[in-house]
Each structure stands twice: as structure tokens, then as C-alpha cells.
Amino acid sequence: MRSPRTILGVLATGLLAAGTFVALSPSAEAATTLGAAAAEKGRYFGTAVSLNRLSDSTYSTILNREFNSVTAENEMKIDALEPQQNQFNFTTADRLITRANEIGAKVRGHTLAWHSQQPGWMQSMSGTALRNAMKNHITQVMTHYKGKIDSWDVVNEAFDDGNGGRRDSNLQRTGNDWIEDAFKTARAADPAAKLCYNDYNTDNWSWAKTQGVYNMVKDFKARGVPIDCVGFQSHFNSGSPYPGNYRTTLQNFADLGVDVQITELDIEGSGTTQATTYGNVVKDCLAVTRCNGITVWGIRDTDSWRASGTPLLFDGSGNPKAAYNAVLSAFGGSTSSPSPSNPGSPSPSNPGSPSPSNPGSPSPSQPSGTKSCTATVAVNAWNGGFVATVTVKAGTAALTGWTVGATLPTGAAVSNTWSATASGTSGAVSFTNVGYNGTVAANASTSFGFQGTGNAPSTTTTCTAR
Ligand code: G3I
């Protein structure tokens, strides 16, 4: 998995509110990022990336820290890669491959054959000329990216929303076999890439469109048409809500002998309701062995194609939302302090609380009721900069606030902080909780992070509890 992050040392010391330092030994902590937590369950956790946002430091910092799979939101579509027939422009999309390599992320390719976002020259084509142009596009693009793409959306959104049949399009009018022709062409171009059919409104098992796609995949498997995976876009809102049979849908497709991937997840809403649905989607994927991973369709709410529905895991300022914590918890990550008897399953409805039957074992040196906390720092450093992810853990009493102190080496400076307020940028810097993460249940954890220039800070920190 992502090499840079996981090889870094994790050390911490804590300062009790009463003023006593407690040294923690390095230990196997639960994962603190989406990608790392998913990887521990054998899954990836990805995001759609808009390449022009990489210059936004908040966006880029979250991308680098949290995700181990990326999909170009628009830059690998047909109009972007082949603006003039047989003249390919890979420059922008190649930057995504570079970034993915830097952060150790897989790449999902999106998308090779689609009725939408066709360049003008393709929109006006038909018949054999269009079929050949489609196949040439697939061959040229997959050859360019051979060995660099984990899964390709070979065909996107080819089914009609209403009746379970095919959507009318210039591609469909070239003949009903255009989809299998696309998959056969794709297999020949890059035999190692997983080949996916990707669509929306295919999440509810009882919907006609779901059945239409299912029957096509079943037919392809029966006839040996090469197909490896089915992508479920899963854009959920009140018109297309998360269905109670979602897990059934994923499992039924997997039972056909294909992998399933959640490819464009966003869930409109807010607060606990949204968080619960996000957690349920993760649990559904984990329940289906062949569910490879989940991609959310953007990073912050403001990056979303449906921004007004606030459907993503980070708010517009880059702070993780309750939905983020629900996803991390569902993967067994360390948002909540796992109870010793049930290390992977914090309660989804109350992710910050220890199990009532196991309220936490007070350490002999920390009498129950005395507020205390520890801060554990994981540092990802490179030549000239670093990202520090800090896990704040409450002792045997609940916190209503916390402040973590860290000392930066000479020449180092904090350039960006998330989920905490920094006082100062160099030397001795303190980080105080923001509104949503000051309250931490006994034995539970929360986290914040900061990015900086220069050498990484010492992993020796203090934590003052309130
Ligand atoms: O960048 C230009 C800007 O320069 C110009 O001023 C502006 C004027 O319209 O357009 C901007 O480009 C827009 C682009 O998003 C970037 O924001 C395009 O018009 C707009 O069409 C494009 O929308 C994308 C949409 O696909 C197109 O079909 C969305 O970003 C993208 O999130 C969305 O993604 C699709 C998946 O590919 C397939 N599944 C559904 C999903 C959501 O619609």
C-alpha cells in the first residue's frame, strides 16, 4: 500500500492535565485515514480528482493524506483525451498518474465509451465510422496508460433509466453489440487492467435498470465476453435514495463472477442521517468479498458536482464531517477508541463512545474522573516538507476540550492546519480543538493534522485536557 506514510514512525508522549508526562510505547494503532483503514480491510478508498484543484493546498493535502485510489473527474473522458479525431492530448491526465504514483494510489480510468462528453467530431459520427472511432479511442488510450490503470470504466451509462433496456445514443445505433465490442477491444489493449461496466441508478435490486445491467453481465459471462467488474456510481439523494437492498445488489452481481466497485459515491444530506448512510455503504461493501473499494465523487462539499447537497466527507473548509468519522469507523479506523473485546466494530450510531459493557479500563496511574489526554503523531515527511496527523486520545474521563503542543525545528513552519486551531507557526506551536471535536468521550479519540515546510516536528508532544 502507500509506502511513504506507513513507514513513518509513530511515537508519542502525553501530558496529564495534572502536569505529569506519560510515555507511550509505539504500538499498533488503528488506521487514522480513509485509505489506510480501507487497506486494512483489503479495500481501496478513492476520490474523484479535478486536476485544476491540485494547486489548492487544502484540497491537495487531504488528497495526499486520505486516499489510495484516484479517478479523474473529467480529464480522462473522450472529449478531454481526443479533442480532434486521432489527435490525443494526455498532458493533463498524465499529471494524475504522476500524483497517484507520488502518494501510492491506484488509478481508476474513467471512461472510454460514453454517449456523453463526446468531442464534437464524434457526436456527428454514426455507423461503422463511429464504431471504428470508438475502438481506436479505446486502443490508443489504453495503450498509452498500459500498466498504469487498475480498473477502466470501459462503457459508461449505456442503459435507459426507465425500462431496463439500452439508452438510445449514436453508439447504440451502431448496433447492440457495441458494448461487447468495446470490452473485447479493451482486453486486447491492456490485458492486465480490470474492465468495468459503470452506471447509475443500478443500486436498487428491484429497479428495472439494475435488472437490465445484471442480465447483460450474466450474458457476457455466459458467452465469454471479457468483463471483470461492475461499477455502481451510487449518487444518492431523495430521488435516488440509498436502498435497503444495496448489499443484495452488490452480492448478486458479485455472484455472477465479477468484482463490484462503488465508483462515484456521494450522499446528499447532513449530520447523523448522512453519516449513518455513509457508514452503511461501507458496511455493505465490506460484507461482499468481491467489493474492491469505494470512490467518493470529490473531496470537499464545495468540490462536488452537487455542491448544494453537501454530499461529501469534508466541509468546504476541509474539515472532516460526521460522515467522514462514520466511514472511518465502519472500516475499523481510529476515530473511536475500539473496545478491547471488539476492536473493529465501534457502534455506528455513537462512534465516539466506548461500548457500554466495556467502558474502558482505567490505567492504574489515571484515576477515573481525572481528565487527561495523550497525543500520538504520525509524520509523513519529504525533502522540504511534511504532513503530521495527530490522534488525541482521552483518558478515563471525557474531555470538553484539548490543546496539543508540538515543537518545530528551526526553519520549519506550519502552513496549513485542519480540525484544530494553531497558535503560532514556528517554534513551540499549540493546537486547540475546533467546535466539533473538542468533546471526546472517555477512552475515545479524535484527530487533527497540520502541514508544514522544513523539517518535520519532533514526535514528542504534550496534550492538555479540559
Ligand atoms: O471547466 C469548464 C469551465 O471553464 C467553463 O467555464 C464551464 C462552463 O460550462 O464548464 C467547465 O467544465 C465543466 C466541468 O464539469 C468542470 O467543472 C463542464 O461544463 C461540465 O459539463 C462538467 O460536468 C461534469 C459532468 O460529469 C459532465 O457530464 C462533472 O464535473 C462531473 O462530476 C460529472 O461526472 C459524472 C461522471 O463522469 C459519470 N457519472 C455521473 C457523474 C456526475 O454527473
Side-chain angles (χ1 to χ4, degrees), residues 46-56 59 63 67 69-83 89 91-93 95-96 107-120 122-123 134 137-138 141 145 149 151-161 166-172 179 182 195-204 207 209-210 212-213 229-242 260-269 281 293-314 316:
T47 182
V49 173
S50 182
L51 271 292
N52 63 13
R53 290 197 167 95
L54 290 182
S55 55
D56 175 330
Y59 182 91
L63 170 64
F67 298 98
S69 176
V70 290
T71 306
E73 186 171 356
N74 288 298
E75 296 81 353
M76 286 191 187
K77 292 175 179 174
I78 314 167
D79 57 355
L81 294 186
E82 195 179 355
N89 182 354
T91 310
T92 305
R95 289 173 50 222
L96 184 71
V107 183
R108 293 196 82 261
H110 175 80
T111 177
L112 295 165
W114 190 19
H115 68 276
S116 181
Q117 279 182 275
Q118 293 182 359
M122 185 180 269
Q123 289 176 29
M134 175 194 82
H137 181 83
I138 292 170
V141 172
Y145 288 115
I149 305 282
S151 303
W152 266 111
D153 290 334
V154 178
V155 173
N156 195 41
E157 300 175 1
F159 276 71
D160 187 78
D161 279 322
R166 297 286 183 86
R167 173 198 298 276
D168 179 52
S169 71
N170 60 350
L171 289 165
Q172 180 62 31
I179 299 181
L195 308 181
C196 304
Y197 176 78
N198 190 53
D199 215 329
Y200 65 90
N201 281 354
T202 49
D203 315 290
N204 190 323
W207 285 16
K209 186 172 179 180
T210 310
V213 174
C229 40
V230 174
F232 297 82
Q233 294 185 9
S234 303
H235 295 291
F236 294 130
N237 59 17
S238 55
S240 178
Y242 164 78
V260 293
Q261 301 177 354
I262 298 166
T263 53
E264 303 181 15
L265 180 64
D266 46 29
I267 303 171
E268 292 192 44
V281 169
I294 298 173
T295 298
V296 286
W297 205 239
I299 295 180
R300 300 163 299 193
D301 285 334
T302 43
D303 302 318
S304 170
W305 69 300
R306 287 177 165 171
S308 63
T310 61
L312 296 173
L313 301 178
F314 295 86

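Every number for a ligand or one of its atoms is a count from 1 in the order of the listing.
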Under 4.0 Å from [atom], is there at least one protein heavy atom?
atom: atom 42 (C) of ligand 1; answer: yes
atom: atom 21 (O) of ligand 1; answer: no
atom: atom 1 (O) of ligand 1; answer: no
atom: atom 9 (O) of ligand 1; answer: no
atom: atom 6 (O) of ligand 1; answer: no
atom: atom 33 (C) of ligand 1; answer: yes
atom: atom 39 (N) of ligand 1; answer: yes
atom: atom 15 (O) of ligand 1; answer: yes

Side chain, backbone, both or neither: which part of [X] comes within less than 4.0 Å of ligand 1 when only heavy atoms are counted?
X: Asn198; result: neither
X: Asn156; result: side chain
X: Trp297; result: side chain

Task: Carboxylate-amine/guanidinium proximity below 4.0 Å for Arg300 and Asp303 - done: yes
TODO: Look at atom 25 (C) of ligand 1 and say which protein heavy atom is nearest, naming residue and atom and giving the distance to 0.1 Å.
DONE: Gln117 OE1, 3.7 Å
TODO: Identify the protein heavy atom lying closest to atom 17 (O) of ligand 1, giving its residue, its atom name and the separation to 0.1 Å.
DONE: Asn74 ND2, 4.6 Å
Keeping [X] on the side-chain end and [Y] on the backbone end, is there a donor-acceptor pair under 3.5 Å?
X: Tyr197; Y: Ala158; result: yes
X: Arg108; Y: Ser69; result: no
X: Asp153; Y: Asn156; result: no
X: Gln117; Y: Asp79; result: no
X: Gln172; Y: Arg166; result: no
X: Thr310; Y: Asp301; result: no

Answer yes or no: is there a side-chain heavy-atom contact under 4.5 Å between [X] and [Y]?
X: Asp203; Y: Phe236; value: yes
X: Asp266; Y: Trp305; value: yes
X: Glu264; Y: Asn198; value: yes
X: Gln233; Y: Glu157; value: yes

TODO: Check each atom of ligand 1 against the heavy atoms of Gln233 and keep those under 4.0 Å away; list them by number with element.
DONE: 38 (C), 39 (N), 40 (C)
Task: Glu157 N/O under 3.5 Å from ligand 1 N/O - done: yes
Task: Trp305, any N or O under 3.5 Å of ligand 1 N or O - done: no
Open item on the list: Tell me the nearest of His110, Lys77, Glu73 to atom 26 (O) of ligand 1, using heavy-atom distances.
Closed with: Lys77
